[in-house]
Amino acid sequence: MDTRTLGSQGLQVSALGLGCMGMSQAFGPRPPRDEMITFLRSAVDRGVTLFDTAEVYGPFHNEELVGEALQPVRDDVVIATKFGFAYDEDGHQTGVTSRPDHIRAAVDGSLRRLRTDTIDLLYQHRVDPDVPIEDVAGTVKELIEAGKVRRFGMSEAGVGTIRRAHAVQPVTALQSEYSLFWREPEDAILPALAELGIGFVPFSPLGRGFLTGQVTAESRFGEGDIRSSLPRFEQEALQANLALVDRVRDVGERRGATVGQVALAWLLAQQPWIVPIPGTRRLERLDENLGAADLELTAEDLAELDSASTEVQVVGDRYPEAMQRMIDR
Ligand SMILES: NC(=O)c1ccc[n+]([C@@H]2O[C@H](COP(=O)([O-])OP(=O)(O)OC[C@H]3O[C@@H](n4cnc5c(N)ncnc54)[C@H](OP(=O)(O)O)[C@@H]3O)[C@@H](O)[C@H]2O)c1
């Protein structure tokens, strides 16, 4: 697979990474651990070098899984993880926090679970409105100087916060939601990243499975599936939003590609410094998704996708109220 560069410090990664969250939470029951370890190693064999995890996925389970799976190939891969949440005694997430002492302790925990002595890319998962971002960036800078972290990233941060952080410690990548289903980053975020030389890692690049054509009007999302609480997956919204999938499918049919491949190729075509991290737990889907790296959309394809996503007004918010409040703007 082709490689891409994130950030002006030059972090080289595969053009498509692998989102690991679903192996521990968000899309129903956890698959068996040994299957996921084999799966993660198969992704390495297929040329994936960027693996995305976070302390909060599980919590803690996902970092342990990724750490165990990638230990034998540690030097050949880039592991990205995230801090920024607090937990109660039972390990349940209780809200955002980025106090410096908390960041330092979180990094020590991540290093232990990931079975490594340095984190390649460390993101602040959500901006903490109670801690000046300069203090957060300064703490990560110290961790970089100490060798525990290689590079700094942010997630769902607004332009003003990114600029302030970047002035203290250069930011390598921003990770925020971006897809044909959610194009808000185009307004202010992407121009700012281009100006500052910061890479972009779109999360939920398949719209949490919506942009694969596998979600239908009949789909029901059970307990433990985050989509059961997301407004745009509610029955009526879903029905309306499927019009977008139909338009993406039209392009795919012309190009001999699946809906998901077109959705990922569209992201890759936006900028050479964009590296999507689709999440899956199935080998045949991983192969399908990685096929997007070889799909070069034409100007005509891109224009058609652009008008499809402008003409089909996506119905329903992307997050429920409580999750939306954690987004920095
Ligand atoms: N920074 C943040 O705040 C944040 C937030 C959300 C996610 N993330 C990161 O971004 C990664 C990806 O995002 P995401 O998992 O939310 O959404 P996504 O990658 O857009 O979609 C994942 C969903 O699509 C399904 N899927 C994947 N490939 C498929 C295919 N070819 N055909 C049919 N279905 C397919 C997966 O099911 P199966 O697994 O069953 O295949 C899963 O249900 C996560 O793993 C996580 O690392 C970060």
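One-based numbering, in listed order, for ligands and for the atoms of each. These numbers come from the heavy atoms of this one structure, side chains and all, not from hydrogens, waters or symmetry mates.
Contact of the Arg104 side chain with the Glu142 side chain is registered, since non-hydrogen atoms from C-beta on lie closer than 4.5 Å. In this structure the side chain of Leu305 reaches within 4.5 angstrom of the side chain of Val262, judged on heavy atoms. Between Phe152 and Val149 there is no side-chain heavy-atom pair separated by less than 4.5 Å.
Of the polar atoms of Gly22, none of the N or O atoms is found under 3.5 Å from an N or O of ligand 1, judged by distance alone. Residue Gln175 has at least one N or O atom closer than 3.5 Å to an N or O atom of ligand 1. Where the criterion is an N or O separation shorter than 3.5 Å, residue side chain and backbone included, Ser204 meets it with respect to ligand 1.
Atom 6 (C) of ligand 1 has as its closest protein heavy atom Phe203 CD1, 3.2 Å. With respect to atom 12 (C) of ligand 1, the closest heavy atom belonging to the protein is Ile277 O, 3.1 Å. Of the protein's heavy atoms, Leu206 N, 2.7 Å lies nearest to atom 20 (O) of ligand 1. Protein heavy atom at the shortest distance from atom 15 (O) of ligand 1 is Phe27 CE1, 3.3 Å. When only non-hydrogen protein atoms are considered, atom 28 (N) of ligand 1 lies nearest to Asn289 ND2, 3.1 Å. Given atom 44 (C) of ligand 1, the protein heavy atom at minimum distance is Met21 CB, 3.7 Å. Of all protein heavy atoms, the one closest to atom 41 (O) of ligand 1 is Thr280 OG1, 2.6 Å. Here the protein heavy atom with the shortest distance to atom 24 (O) of ligand 1 is Gly209 CA, 3.2 Å.
Taking the centre of each ring, Tyr178 and Trp266 come in below the 6.0 Å mark. No close placement of the His102 and Phe83 rings is indicated, their centers lying 6.0 Å or farther apart.
Counting only non-hydrogen atoms, the option in Arg285, Met326, Met323, Arg208 that gets closest to atom 34 (N) of ligand 1 is Arg285. Here atom 19 (O) of ligand 1 lies nearest to Gly279 when heavy atoms of Cys20, Gly213, Gly279, Ala292 are compared.
Panel note: side chain Asp2, backbone Ala293; no donor-acceptor pair is recorded below 3.5 Å.
More than 12 heavy atoms of other residues, nucleotides or ligands sit less than 6.0 Å from atom CD of Glu284.
Residue Arg281 has at least one heavy-atom neighbour below 4.0 Å for each of these atoms of ligand 1: 38 (P), 39 (O), 40 (O), 41 (O). Atoms of ligand 1 found under 4.0 Å from any heavy atom of Arg126, numbered from 1 in the order shown, are 2 (C), 3 (O). Per-residue contacts place Lys82 under 4.0 angstrom from the following atoms of ligand 1 (heavy atoms of the residue considered): 1 (N). Annotation for ligand 1: atoms under 4.0 Å from non-hydrogen atoms of Glu288 are 31 (N). Those atoms of ligand 1 with a heavy atom of Asp52 less than 4.0 angstrom away are 9 (C), 46 (C), 47 (O). Close contacts of ligand 1 with His125, meaning ligand atoms under 4.0 Å from a residue heavy atom, involve 1 (N), 2 (C), 3 (O). Atoms of ligand 1 found under 4.0 Å from any heavy atom of Pro278 (numbered from 1 in listed order, with element): 19 (O). Short contacts between ligand 1 and Gly19, defined as distances under 4.0 Å to a heavy atom of the residue, involve ligand atoms 11 (C), 44 (C), 45 (O), 47 (O).
The aromatic rings of Phe181 and Phe233 stand perpendicular to each other, their planes meeting at an angle above 60°, with 30° marking the opposite boundary.
Ion pairing between Arg247 and Glu311 holds under the 4.0 Å rule for side-chain N and carboxylate O. A salt bridge does not link Arg282 with Glu288: none of the charged nitrogens is closer than 4.0 Å to a carboxylate oxygen. Salt-bridge annotation for Lys82 and Asp52: present, with a side-chain N of the basic residue lying under 4.0 Å from a carboxylate O of the acidic one.
Using a 4.0 angstrom heavy-atom cutoff, Tyr123 does not count as in contact with ligand 1. Residue Glu156 places every heavy atom at 4.0 Å or more from ligand 1.
Side-chain contact of Asp301 with Thr298: a donor-acceptor pair under 3.5 Å is present, judged by distance alone.
When each of Lys148, Arg151, Arg74 is checked for a salt bridge (charged side-chain N to carboxylate O under 4.0 Å, His left out) with Asp120, only Arg74 meets the rule.
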